[in-house]
Structure formats: C-alpha cells, structure tokens
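Report on the structure given below.
In what follows, chains carry the letters A, B, and so on, assigned in the order in which the sequence lines appear, proteins first and then strands, with residues in each chain numbered from 1. For clarity, every value in this text was computed on a predicted model and none was experimentally measured. The figures that follow rest on heavy atoms only: side chains count, while hydrogens, waters and symmetry mates do not.
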There are 2 protein chains.
Amino acid sequence: MKETWMAKLKEKGMRITAQREAIVDILLNSEKALDPLEVYDLTRQSHPSLGVVTVYRTMECLEHLGLLQKVHQACGCNKFLKLKEGHHHLLICTNCGKAVYFEGLNFENAFSEIAENNNFLLQDHWLQLSGLCPRCQKI
Amino acid sequence: MKETWMAKLKEKGMRITAQREAIVDILLNSEKALDPLEVYDLTRQSHPSLGVVTVYRTMECLEHLGLLQKVHQACGCNKFLKLKEGHHHLLICTNCGKAVYFEGLNFENAFSEIAENNNFLLQDHWLQLSGLCPRCQKI
DNA sequence: TACTTATTGAAATTGATTTTCATTATCAAT
DNA sequence: ATTGATAATGAAAATCAATTTCAATAAGTA
Ligand SMILES: [Mn+2]
Ligand SMILES: [Mn+2]
Ligand SMILES: [Zn+2]
Ligand SMILES: [Zn+2]
C-alpha cells in the first residue's frame with residue numbers, strides 16, 4: 001500500500017522525502033481518522049525534527065491526490081482517513097474513533113426522489129453511522 | 001415563534017436583553033445556517049454596539065436549549081440552524097445555503113442492520129443531502 | 001559530482017474563539 | 001418606584017489552529 005502511495009507522489013512530480021514517508025506511515029497504519037496535529041505528534045515520536053507545516057502541506061497533498069478523505073466527527077472536523085476505492089460510507093466508533101467503510105446500502109434513488117420533491121437538483125450526499133465498535137462495547 | 005424562544009430563555013432563568021432579542025431575530029429569519037461571525041455582522045446592522053462575545057455565548061445557549069442545531073457544510077462547520085421538532089434530515093443548497101428539512105426517509109432499520117453486520121452498537125446517524133435549490137438552478 | 005528546484009522548518013502573521021474582568025442592565029423583592 | 005443581588009455585556013488580552021514568508025537544505029537528474 002505504501003508503495004502505491006509513494007508511487008503516486010512520484011508520478012505527480014513530487015519528491016520522496018523522509019518526512020513524507022514518516023507521515024504516510026502513520027496515516028496508513030491508523031485505523032481512525034487523524035487531524036494534522038495528531039499526525040504531527042505521532043510522527044514526531046520517530047522524527048523529532050519534523051515541522052508542523054510539513055504535516056499540513058503533506059496531508060493537503062494526499063487529499064488532493066485522492067489518497068486521503070476528510071471526515072467530520074463530533075470530536076473534530078479536520079480529520080483525515082485513508083480513502084477506499086469506490087463509493088462507500090463510514091461507520092465510526094464514538095469511543096475510539098475506529099472507522100470502517102461499509103457497502104451494501106444503495107439509497108441513491110431514494111435521495112434523488114427526496115431532492116426532486118423539494119425541487120432541488122441533487123449533487124451530493126453525506127451519510128455516516130456512529131456507534132461503539134466491538135472492542136469498545138466490552139470496556 | 002420568537003415568543004416561544006424568549007419564553008424558553010426565561011424559563012431557564014435567563015434574562016431577556018436587547019442583544020439576545022436581536023440575535024434571535026436574525027437566526028429565526030434566516031433560511032440558512034449561520035456561523036457566529038455571520039450573525040455578528042447581520043445583527044450589528046441594527047445593533048452596532050453589540051460585541052462578538054455575546055453572539056458566541058448566546059448561540060451556545062440556544063444550542064443547549066435545543067433551539068439551534070449545528071450544521072456541517074463544505075463552507076464551514078460552525079454554522080447553526082433553527083431546529084425543527086422531531087427527527088428530520090437536511091437538504092442544503094450548495095450555492096446559497098438554503099436549508100430544508102425533509103421527512104419521509106426511514107432508513108433506521110437498514111442502518112441498524114449495517115451496524116450489526118459490522119458488530120457495532122449503533123448510536124447515531126448523520127445524513128445530509130446537498131444540491132441546488134430552485135432559485136439557484138435558474139441563475 | 002554539480003546543478004536545478006522542490007521541500008523543509010523557524011518565525012511571523014492571520015483569524016477565529018475563549019478568557020478575564022470591570023461596568024452595566026435586568027428583574028425580583030421590597 | 002426604588003433597591004439590591006447578580007446575570008449579562010463588551011473591550012482587551014490570551015489562546016490556538018492554520019497560513020504565509022523566506023533562507024537553508026535536500027532530492028533527483030544530468
Ligand atoms: Mn451513497
Ligand atoms: Mn434518520
Ligand atoms: Zn471503539
Ligand atoms: Zn440556493
């Protein structure tokens with residue numbers, strides 16, 4: 001997976017740096033969405049000289065490259081999660097933040113109908129479920 | 001409607017002030033979600049001496065009283081909209097911000113099923129549609 | 001190895017929100 | 001109506017995230 005990400009960076013003419021690799025490592029290994037400051041703290045554990053600005057810039061790039069997705073939660077709206085191919089929605093743990101993509105719901109038609117009834121031209125939809133993940137239910 | 005809101009403030013032991021009335025007026029007459037600074041600017045047109053802090057504080061109160069709801073949009077996550085009774089979802093214009101509550105979708109069962117399949121204990125869901133309102137389609 | 005240029009990070013800047021606190025205004029009790 | 005307790009206000013300072021600037025550094029190509 002990391003190879004794919006770094007390849008995509010290279011493909012866009014961007015350089016491979018130790019900082020970028022470290023940031024990508026953190027994001028790829030996280031099962032929850034992280035904001036830039038969280039990534040900064042986590043990455044600095046192995047790269048103490050890293051600057052915050054680099055984290056902001058790198059995460060913005062990764063989003064533009066379609067590798068990261070912005071996720072809004074009660075605990076913050078600047079969180080980013082690795083994006084999965086295709087159209088999916090998220091199920092997020094309110095306790096630990098664990099995020100799971102799920103498929104199987106196809107509401108697109110129902111959404112169109114609602115929009116039509118209100119004379120809106122539907123452009124997008126935002127659907128997210130939240131609850132307790134298996135582990136957090138036991139605690 | 002305004003009477004209801006002011007009554008609720010009083011009921012909670014809060015005082016009726018000119019500032020609060022002005023802020024409530026703006027929020028009740030807006031058909032789109034507004035953030036504190038927008039409310040500040042709008043309210044100052046009639047109350048130039050109003051302070052920003054008062055707007056922040058008042059809007060926070062109104063949210064706690066269940067009169068306002070926080071609404072997340074691409075253009076910002078600090079926007080508040082007057083809350084409608086009952087369980088509804090929103091349809092929001094991406095151009096002018098016009099917000100419409102709609103009913104008629106009942107996906108609760110489908111959501112529960114998805115959660116179960118992933119061994120999550122469902123607590124909440126978030127659904128929002130976006131598109132162009134009738135007026136913005138013509139422009 | 002040398003060179004071009006993207007990248008980096010410290011520091012300054014911006015902008016939103018919160019905190020502090022002295023002053024003012026509301027409202028209930030006289 | 002007057003008074004008094006105290007809730008509310010707003011200017012100013014403080015905080016915090018995020019962005020901009022810029023000189024130094026490092027990546028990748030020739
Ligand atoms: Mn969908
Ligand atoms: Mn619902
Ligand atoms: Zn969890
Ligand atoms: Zn519109």
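Taking only side-chain atoms of B:M14, from C-beta outward, the nucleotide of C:dG9, D:dA8, D:dG10 with the closest atom is D:dA8. Nearest to the side chain of A:L37, among D:dA17, D:dG10, D:dA8, sits D:dA17. For A:Y56, counting side-chain heavy atoms from C-beta on, the closest listed nucleotide (C:dT7, D:dA17, C:dT18) is D:dA17. For B:R15, taking side-chain heavy atoms from C-beta onward, the closest of the listed nucleotides C:dT4, C:dA16, D:dA7 is D:dA7. Closest to the side chain of A:T17, out of D:dA27, C:dG9, D:dT9, is D:dA27.
Between B:G13 and B:V53, it is B:G13 whose nearest contact on DNA chain D lies nearer the 5' terminus. Heavy-atom nearest nucleotides on DNA chain C were determined for B:R57 and for B:K10, and the one closer to the 5' end corresponds to B:R57. Toward the 5' end of DNA chain D, the nearer of the two residues B:R44 and B:R20, judged by each one's closest nucleotide, is B:R20.
B:K79 has its NZ atom 13 Å from the C1' atom of C:dA16, to the nearest Å. Residue B:L9 contributes atom CG, which lies 13 Å from atom C1' of C:dT26 at whole-angstrom precision. Protein atom NZ of B:K12 is 14 Å distant from nucleotide atom P of D:dA8, rounded to whole Å. Rounded to whole Å, atom P of D:dG10 lies 10 Å from atom NE2 of B:H47.
A sub-4.0 Å separation between OP1 or OP2 of C:dT17 and a side-chain N or O of B:N78 is present. Contact annotation: B:Q19 side-chain N/O to D:dG10 OP1/OP2 distance is under 4.0 Å.
Aromatic pair B:W126/B:H72: centroids less than 6.0 angstrom apart. Between B:H87 and B:H125, the ring center distance clears the sub-6.0 Å criterion.
A:L65 and A:Y56 fall within a single hydrophobic cluster, where Ile, Leu, Val, Met, Phe, Trp and Tyr are joined by side-chain heavy atoms under 4.5 Å apart, directly or via other members.
In plain terms, the two heavy atoms of B:L132 and B:Q137 that are nearest each other are O-NE2, 3.0 Å.
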